[in-house]
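Beneath this line is the structure, given in structure tokens, with notes to follow.
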Protein chains: 2
Amino acid sequence: MSRTASSHTAATSPDPAKPAQKRVRRTAEEARRLILDAAEKRLATQGPEGIRLQDIARDVGISHPAILHHFESREGLVKALIARTNTQLREKLLTALGNSGDAAQDPIESVFEALSDRGTARLLAWLLLTGRVNDTSKGPQVLMTEIADRLHAHREENAKQKGTLAPDREDTFFLAMLTTSAAFGDAIIGRYLAEAAGLDEAGVKRFRNWFGKLLRQHVERTDAPAGDDEGK
Amino acid sequence: MSRTASSHTAATSPDPAKPAQKRVRRTAEEARRLILDAAEKRLATQGPEGIRLQDIARDVGISHPAILHHFESREGLVKALIARTNTQLREKLLTALGNSGDAAQDPIESVFEALSDRGTARLLAWLLLTGRVNDTSKGPQVLMTEIADRLHAHREENAKQKGTLAPDREDTFFLAMLTTSAAFGDAIIGRYLAEAAGLDEAGVKRFRNWFGKLLRQHVERTDAPAGDDEGK
DNA sequence: GGTTATACTGACATTGTTGTCAACACATGA
DNA sequence: TCATGTGTTGACAACAATGTCAGTATAACC
């Protein structure tokens, strides 16, 4: 077997002539960021099995114990990744909603766009598929309800101004659920569907507009007094 | 050493009084089916990391080399699982569409239901996320276009009967895309969304009906001659 | 009964991945 | 310039997972 020739008394120095001692030293924060970026990339492209310390380390250009130094364990890395993605998504959604407050764009379309961003949604999809959601208190579900609440407030305000009937609360929740589900699904399979349907970039955009219009029409219809549906 | 000794004559048998020689021998087909069932279950509940030969073998009650005997390799098992799921989904969708041909139920709702079945969709989602779609010629994308074609034929026929305008082809594709995306997303995140929104079983059903109605209204609206929208 | 085909098993080999550890190198401040 | 803290590394340990193999048990057919 001679399994271990051992004798690690430096008999096998690779290149004695070269010092090759250029070791880069980042700040802890910077290193963590780089590692998380690489992990996110791997996860998005290859799935959870793509999160391998060795590979990620290679991507960043460090050795894998460095990752363990910053994140304790592989699980720690995953948790940090979840946390970061959640806060990123949160910020993205809130600004999307904030911007659409002045009605320049449809809030639902903004939400859809923010959610169906490939990287984020695929990442979240993985977390959901592997059942890691319970680890984080503020998962995407909670986000969804927050958004639904905001939307509903918006609708109620509108209804008050127009003097129309206040919309059903559940209706708003269903709107938010559909948007979320569709955005998630779109992030996963949308690419393939568009391809199969022969849609180009512009076509995908048309699809999103179509979806936004669909919901808008529904809202206008529902919120308007019966029989009246002059939306625009 | 007598360790091997072919001594299944129970030197360390847990119950020496019992021969314990009951080795079950299934037909190859049966064995394959059981293994695939177990793998599918693991995959649905634990994600891709749940497909471990040892675990699956334990679930079935066999040793892990038996799996390799039937499927060559782990990858072979995965491919077989993909193939079976694809054909199952195909059949499910076709019968769903077939049944709804006589208008007892909305075709879109049937499709949604068939697609958002947790097991199937989660499995497919996994395949899509890991980019394993190219392996199979007949992925869900192709299925979607087939369904879209059928739906479109349906709509055109209706239009002809009613004497209304033929609907835009892209509109039908968008319908199918939305349904597919939403169903996929629902399979992944729907559970959590419903929970966060405080929906029970009946609530989830209401959501599906709501979605079906949304699309139906859209179809009625779009296909009707301009200005006329008395659907029901 | 005997023969054959094959589903199946236990033990082992192999490989890959996480995690540990002692030592090293780089920055900062005295 | 030395001391200190810590980012970083190579080598190794420990474990888990897939895959191999020779051999065993069972069903079917003669």
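In what follows, every heavy atom counts, from backbone to side chain, and hydrogens, waters and symmetry copies are set aside. Sequence lines set the chain letters: A, B, ... in the order given, protein chains first and strands last, and positions in each chain run from 1. Just so you know, these numbers come straight off a predicted model, no measurement behind them.
- Taking CD1 of A/I189 as the start and CZ of B/F184 as the end, the distance is 3.5 Å to the nearest 0.5 Å.
- Nucleotide D/dT26 holds its P atom 9 Å from the CZ atom of B/R25, rounded to whole Å.
- A salt bridge links B/R33 and B/E30; the closest N-O separation between the charged side-chain nitrogens and carboxylate oxygens is under 4.0 Å.
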Compile the donor-acceptor pairs under 3.5 Å between side chains in residues 64-73 of chain A and protein atoms, sequence neighbours left out, one pair per line.
| residue | atom | partner | partner atom | Å |
| --- | --- | --- | --- | --- |
| A/S73 | OG | A/E75 | N | 3.4 |
| A/S73 | OG | A/G76 | N | 3.1 |

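- The distance from atom CD of A/E29 to atom P of D/dG7 is 12 Å, rounded to the nearest whole Å.
- Comparing A/I62 and B/Q54 along DNA chain D, the residue whose closest nucleotide (by nearest heavy atom) sits nearer the 5' end is A/I62.
- Per the geometry, CZ belonging to A/R58 stands 13 Å off P belonging to D/dG10, to the nearest Å.
- A heavy atom lying under 4.0 Å from DNA chain D marks the following residues of residues 63-71 of chain A, by number: A/S63, A/P65, A/A66, A/H69, A/H70.
- Looking at heavy atoms from C-beta onward, A/I51 lies out of side-chain contact with A/Q46 at the 4.5 angstrom threshold.
- B/T145 and B/V142 make their closest contact through OG1-O, 2.6 Å (heavy atoms, listed as atom of the first residue, atom of the second, distance).
- Partners of A/R52 according to the side-chain hydrogen bond (donor to acceptor under 3.5 Å, both in side chains) rule, which considers only residues two or more places apart in sequence or in another chain, are A/D55.
- When each of A/A28 and B/D55 is assigned the nucleotide of DNA chain D bearing its nearest heavy atom, the one mapping closer to the 5' terminus is A/A28.
- Distance, A/R26 CZ to C/dA27 P: 12 Å, rounded to whole Å.
- With hydrogens and angles ignored, no donor-acceptor pair under 3.5 angstrom links the side chain of B/R23 to the base of C/dT9.
- Contact annotation for B/T27: no contact, since no heavy-atom pair falls under 4.0 Å across all strands.
- For residues 59-69 of chain B, every residue pair satisfying the salt bridge (charged side-chain N to carboxylate O under 4.0 Å, His left out) rule, not counting sequence neighbours, is listed here: B/R42-B/D59.
- Screening residues 169-179 of chain A for side-chain hydrogen bond (donor to acceptor under 3.5 Å, both in side chains) gives A/D149-A/R169, A/H152-A/T172, A/R155-A/D171, A/R155-A/T172, A/E170-B/R206, A/D171-A/H218, A/D171-B/W210 as the qualifying pairs, with residues at least two apart or on separate chains.
- The CG-C1' distance, from A/L53 to D/dA13, rounds to 16 Å in whole Å.
- Sorted by residue number, the members of residues 30-52 of chain A with any non-hydrogen atom under 4.0 Å from DNA chain C read A/I51, A/R52.
- Here C/dT15 presents its C1' atom at 15 Å from CZ of B/R74, a figure rounded to the nearest Å.
- Ring pair A/F211/A/F112 is tilted by interplanar angle, where 30° to 60° counts as tilted.
- Rounded to whole Å, the distance from CD on A/E72 to C1' on C/dC21 is 15 Å.
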